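These numbers come from a predicted model, not from an experiment. These values consider heavy atoms only, across backbone and side chains, with no hydrogens, waters or symmetry-generated copies.
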Amino acid sequence: ELRLLNEELSSFNYSVSHDLQAPLRRITGFSDLIDEEFGVGLPPALRLYIDKITTNSNLMKQIVNALLDLSRVSQKQLACDQVDLSALANSVLGDLKPDYEGRAISFEIDPDMHAFCDQQLAKILLNNVLGNAIKYTEHAADSKIEIGRCAHEDGYDAFFVSDNGIGFDNVYKNEIFKPFKRLHTEREYPGTGVGLATAERIMLRHRGKIWAEGIEGKGATFYFCFPNLSAC
């Protein structure tokens, strides 16, 4: 019954998110038409309103897409194999390069990190966690991000992404994995508020776990491990 309920909730989330795309496209489309046909003669106040409609519509598109990704993570059939996490992290950093181009940021990646997991989901996980690290080190004097491996108390390898960015109060270390739970305003650090919830869902699919430790003003470290091979 619990499995069926979760499937129904996941299906509902997917349907609602998918159905929101069409009206959002119309809102953005009509805003663009107003801009194209009347843009030159628009009063400054109306121009501001149009810009706000466009900005918020685009944000909602990102949130809808993030919710769709969250649903796909829940529904995807796992295809596990030995995955080179070091190479995967380098690939993800290449994809994220537009987010940190022009910044003085140092990356350290431990070599020969491997895990038995679903490579596609592991890439989404790293994309979300590394994307956060890049975003929250934006104002650090010498931005540094480390992707490494350490021993876990259960005897498994744990992997981590550590940064010297804004960090967070450890009181909230469990809250940050909840959808739309933000410790900083969207204006300070743009985002959908779904990335870490997706990362946690990926680890739950693998019967693994993800957790975080932070120090306000001094950075954060996200740990994750894939302990149960039978999950695949």
- ILVMFWY cluster membership beyond Leu204 - transitive side-chain contacts under 4.5 angstrom: none
- Task: Could you tell me which residues satisfy side chain to side chain donor-acceptor pair (under 3.5 Å) with Ser143, sequence neighbours excluded, listed by chain and number?
- Result: Arg103
- Query: Do Phe168 and Trp211 share a hydrophobic cluster (ILVMFWY, side-chain heavy atoms under 4.5 Å, transitive)?
  - Reply: no
- Task: Indicate yes or no: at least one non-hydrogen side-chain atom of Leu126 is less than 4.5 angstrom from one of Leu88.
- Result: yes
- Query: Is there side-chain contact between Arg205 and Leu78, with heavy atoms separated by less than 4.5 Å?
  - Reply: yes
- Message: My understanding is that only residues two or more places apart in sequence, or in another chain, count here; which of them pass salt bridge (Lys or Arg N to Asp or Glu O under 4.0 Å) with Asp95?
- Response: Lys123
- Side-chain cluster (under 4.5 Å, hydrophobic types only) that Phe30 belongs to, other residues: Leu33
- Message: Going by side chain to side chain contact (heavy atoms under 4.5 Å, CB included), name the residues that satisfy it together with Ala115, two or more places apart in sequence or in a different chain.
- Response: Leu85, Cys117, Phe159, Phe226
- Residues forming a side chain to side chain donor-acceptor pair (under 3.5 Å) with Arg25, sequence neighbours excluded: none
- Message: Please enumerate all residues that pass salt bridge (Lys or Arg N to Asp or Glu O under 4.0 Å) together with Glu37, with sequence neighbours excluded.
- Response: none
- Message: Between Phe160 and Phe107, is there shared hydrophobic-cluster membership here, with clusters defined by ILVMFWY side-chain heavy atoms closer than 4.5 Å?
- Response: no
- Task: Would you check if the side chain of Asp81 reaches a backbone N or O of Phe116 as a donor-acceptor pair within less than 3.5 Å?
- Result: no
- Item | All side chain to side chain donor-acceptor pair (under 3.5 Å) counterparts of Ser31, not counting sequence neighbours | none
- Which atom pair, heavy atoms only, marks the closest approach of Tyr100 to Ile105? CD1-CG2, 3.7 Å
- Listed by chain and number, what are the salt bridge (Lys or Arg N to Asp or Glu O under 4.0 Å) partners of Asp35, not counting sequence neighbours? Arg47
- Hphob cluster co-occupancy, Leu121 + Leu96, side-chain heavy atoms under 4.5 angstrom: yes
- Between the side chain of Asp84 and the main-chain N/O of His114, is any donor-acceptor distance below 3.5 Å? no
- Identified side-chain contact (heavy atoms from CB on, under 4.5 Å) counterpart of Leu125 within the set Glu200, Met203, His206: Met203
- Query: With sequence neighbours left out, what residues match Thr28 under side chain to side chain donor-acceptor pair (under 3.5 Å)?
  - Reply: none
Side-chain donor/acceptor pairs under 3.5 Å, residues 212-224, sequence neighbours excluded:
unit_1 : atom_1 : unit_2 : atom_2 : d
Glu213 : OE1    : Asn170 : ND2    : 3.0
Thr221 : OG1    : Ser162 : OG     : 3.0

- Task: Scan for ring pair (Phe, Tyr, Trp, His ring centres under 6.0 Å) pairs involving residues 31-84, sequence neighbours excluded, and state none if there are none.
- Result: none
- Message: Tell me whether Asp163 contacts the main-chain N or O of Thr137 through its side chain, where contact means a donor paired with an acceptor under 3.5 Å.
- Response: no
- Note on the structure: Looking only at heavy atoms, the pair that brings Val129 and Ala199 closest together is CG2-CB, 4.4 Å
- Within one Ile-Leu-Val-Met-Phe-Trp-Tyr cluster: Ile109 and Val92, side-chain cutoff 4.5 Å: yes
